[in-house]
Amino acid sequence: MNDYHMHTAFSDGEGKMDAFVARAVALGLGEIGFSDHLVPRVCEDEFGDEGYGIPHQDVAGYARAVRRAAARAGVRVLLGIEVDYVPGAEAELETLLARERFDYVICSVHFSDGFAFDSTALRDDPRWDDVDGVWRTYWDTVARAAAWGRFDVVGHLDLPKKFGRRPSAPMTGAEDAALEAIRDAGLAIELNTSGLRTAAREAYPGPGLLARAAVLGIPLTTGSDAHRADDVGRDLDQAAALARAAGHTTTLRLSDRAPEVLP
Ligand SMILES: [Zn+2]
Ligand SMILES: [Zn+2]
């Protein structure tokens with residue numbers, strides 16, 4: 001299995017890249033990729049001094065560190081990045097992304113109309129009073145992000161379930177519109193096991209979305225969303241079982257964009 005979603009101290013993770021690589025080698029992972037956060041200014045401003053992205057002046061240093069780790073690793077290491085998509089920030093993101101040749105770009109929606117709904121600090125924020133509104137705007141934003149065309153993989157679909165809050169009624173229409181936008185743009189989605197470690201107790205995305213993605217022929221990548229070396233590869237065996245149960249037979253290997261048969 002491959003782990004394409006890992007955060008180091010360059011953004012909001014802990015620890016050095018070599019420790020992540022050593023853990024991947026010990027687990028016998030196929031290939032891995034670092035995906036520290038790259039965040040437009042408007043998102044960082046929400047958190048004042050507690051920014052969670054790579055400082056923009058350090059993007060080149062981050063890329064250099066990944067390449068250095070890759071050169072001495074016993075496993076293939078890719079230079080990825082997790083980009084926050086918010087409508088209106090496209091020009092800034094384009095400039096930031098043009099600075100390096102990333103092997104892949106994960107698109108993540110952590111904001112619903114300016115609200116950082118996955119922030120633990122905002123877990124009881126009054127904007128959560130409108131759970132359905134948070135979800136509806138989330139799905140619309142994912143569809144817009146996919147249509148923008150600058151991404152390879154959509155990260156942790158259905159992230160707003162993180163604290164266990166679900167829409168009051170199924171939102172199949174909005175979900176399908178997002179999935180169709182993802183398919184039309186030729187993007188993959190990620191099966192992210194970090195959801196298993198939250199109140200949602202379910203990987204992102206859940207089984208229903210995962211099955212509809214399989215029907216639409218949307219490729220799947222896998223990731224732990226590790227923020228420390230101990231979590232590298234976490235629950236990827238379970239991810240393989242979930243993917244198979246939902247009708248996927250392969251995952252997408254990002255180094256050459258080739259399908260890999262699920263174990
Ligand atoms: Zn994320
Ligand atoms: Zn992440």
Side-chain angles (χ1 to χ4, degrees), residues 2-15 17 20 23-24 32-40 42-44 46-47 50-55 59 62 66 77-86 89 93 96-97 102-112 114-123 134-135 137-139 141-142 145-146 150-163 178 182 187-200 202-206 209 220-236 239 254:
N2 305 316
D3 192 341
Y4 296 117
H5 199 139
M6 313 191 304
H7 297 277
T8 70
F10 272 96
S11 64
D12 62 346
E14 294 167 26
M17 286 176 179
F20 286 68
R23 180 79 184 138
I32 60 170
F34 288 98
S35 62
D36 271 305
H37 292 281
L38 186 60
V39 180
V42 61
C43 299
E44 291 280 25
E46 281 289 299
F47 292 92
E50 315 248 309
Y52 61 96
I54 306 172
V59 173
Y62 164 71
V66 174
V77 178
L78 302 185
L79 171 58
I81 196 86
E82 178 179 11
V83 172
D84 261 88
Y85 177 82
V86 288
L93 289 176
L96 288 169
L97 283 170
F102 294 103
D103 294 315
Y104 62 91
V105 181
I106 298 176
C107 156
S108 288
V109 175
H110 299 113
F111 286 79
S112 176
F115 172 39
F117 59 80
D118 78 320
S119 161
T120 304
L122 301 176
R123 190 185 174 130
V134 170
W135 275 101
T137 305
Y138 172 79
W139 288 118
T141 309
V142 169
R150 195 60 184 77
F151 302 115
D152 301 297
V153 180
V154 179
H156 46 56
L157 263 189
D158 78 358
L159 180 64
K161 73 185 176 188
K162 178 174 178 180
F163 301 121
I182 290 167
L187 307 187
I189 61 166
E190 159 195 78
L191 183 51
N192 181 315
T193 60
S194 72
L196 293 162
R197 313 193 287 275
T198 68
E202 191 181 82
Y204 305 113
L209 283 159
L220 198 63
T221 65
T222 46
S224 64
D225 218 334
H227 284 69
R228 55 199 179 98
D230 277 357
D231 280 335
V232 171
R234 176 83 64 192
D235 296 322
L236 290 186
L254 286 173

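In each ligand, atom 1 is the first atom listed, and ligand 1 is the first ligand listed. We use all heavy atoms of the structure for the numbers below, so side chains are in, but hydrogens, waters and symmetry mates are not. Since we're looking at a predicted model, the values are computed, not measured.
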Is the closest side-chain heavy-atom distance between D231 and T193 below 4.5 Å? no
Taking ring-ring contact (aromatic ring centres under 6.0 Å, His included) as the definition, give me every residue that meets it alongside F117, ordered by chain and number, with sequence neighbours left out. Y138
Measure the acute angle between the ring planes of F151 and Y85, then classify it against the limits of 30° and 60° as parallel, tilted or perpendicular. perpendicular
Non-hydrogen side-chain atoms of L236 and D3 separated by less than 4.5 Å: yes
In terms of the angle between their ring planes, are H37 and H227 parallel, tilted or perpendicular, with boundaries placed at 30° and 60°? tilted
Would you name the N/O/S atom of H7 that lies closest to the Zn ion (ligand 2)? NE2
Below 2.8 Å, which protein N, O or S atoms neighbour the Zn ion (ligand 1), ignoring water? E82 OE2, H110 NE2, H156 NE2
How are the rings of H110 and H156 set to each other: parallel, tilted or perpendicular (split at 30° and 60°)? tilted
